[in-house]
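This report refers to the structure that appears directly beneath it.
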Amino acid sequence: ALSAAQGFIADPKPRGSAGWIVTPFPSTNPCVVRKLFGLERLPYSIWFADLPWPGKIYNRYFDEGFPSGKFYLRGKDEAAVRKDLESIAAAYTIEIEEL
């Protein structure tokens with residue numbers, strides 16, 4: 001295994017930029033997720049996403065952390081990543097039903 005310093009020395013050239021965004025949950029009350037919107041408009045720079053599935057029940061908001069969505073991105077530079085983070089914030093929403 002390489003340490004962080006060895007990894008830096010072995011690969012000194014920057015490879016772009018990365019970022020993440022956690023989307024807010026629309027309620028702090030117990031609820032069930034009904035539908036996800038905007039998935040077809042998300043950028044290709046997302047390399048990992050953690051999303052709730054329709055039918056998932058949340059009894060308490062803080063038990064789950066940030067359940068609306070977590071997105072991790074890679075891009076050629078900071079400006080590209082920032083633009084994609086903004087597009088996620090504009091496109092992705094969830095529909096819930098409070099219990």
Within 6.0 Å of CD in E98, more than 12 heavy atoms from elsewhere
yes
Does the side chain to side chain contact (heavy atoms under 4.5 Å, CB included) test come out yes or no for L39 and Y92, once each step is laid out?
CA-CA 6 Å; L39 297 178; Y92 176 74; 3.9 Å; yes
Do [X] and [Y] sit in one hydrophobic cluster, given that two such residues count as connected whenever their side-chain heavy atoms are within less than 4.5 Å of each other, even indirectly?
{"X": "W53", "Y": "V22", "answer": "no"}
{"X": "F48", "Y": "W20", "answer": "yes"}
{"X": "V33", "Y": "F37", "answer": "no"}

Heavy-atom pair with the smallest gap, counting every atom of [X] and [Y]:
{"X": "S27", "Y": "I96", "answer": "CB-CD1, 3.4 Å"}
{"X": "P43", "Y": "I88", "answer": "CD-CG1, 3.7 Å"}
{"X": "G75", "Y": "V81", "answer": "N-CG2, 3.5 Å"}

Worked check of side chain to side chain contact (heavy atoms under 4.5 Å, CB included) between L99 and N29:
CA-CA 8 Å; L99 302 174; N29 297 319; over 6 Å; no
Is there a side-chain contact between [X] and [Y] (heavy atoms, below 4.5 Å)?
{"X": "S68", "Y": "T93", "result": "no"}
{"X": "L42", "Y": "S87", "result": "no"}
{"X": "P54", "Y": "K35", "result": "no"}

side-chain contact (heavy atoms from CB on, under 4.5 Å) with K70: of L51, I21, D50, only one passes, and it is D50
From NZ (K76) to OG (S17), nearest 0.5 Å
12.0 Å
Residues D84 and S45: side-chain donor-acceptor under 3.5 angstrom
yes
Check whether any side-chain N or O of T23 sits under 3.5 Å from a backbone N or O of G69 as a donor-acceptor pair, and report yes or no.
yes
Should R82 and E86 count as an ion pair when the cut-off is N to O under 4.0 Å?
no
Within 45° cone of Y58 ring axis and under 6.0 Å: K56 NZ or CZ:
yes
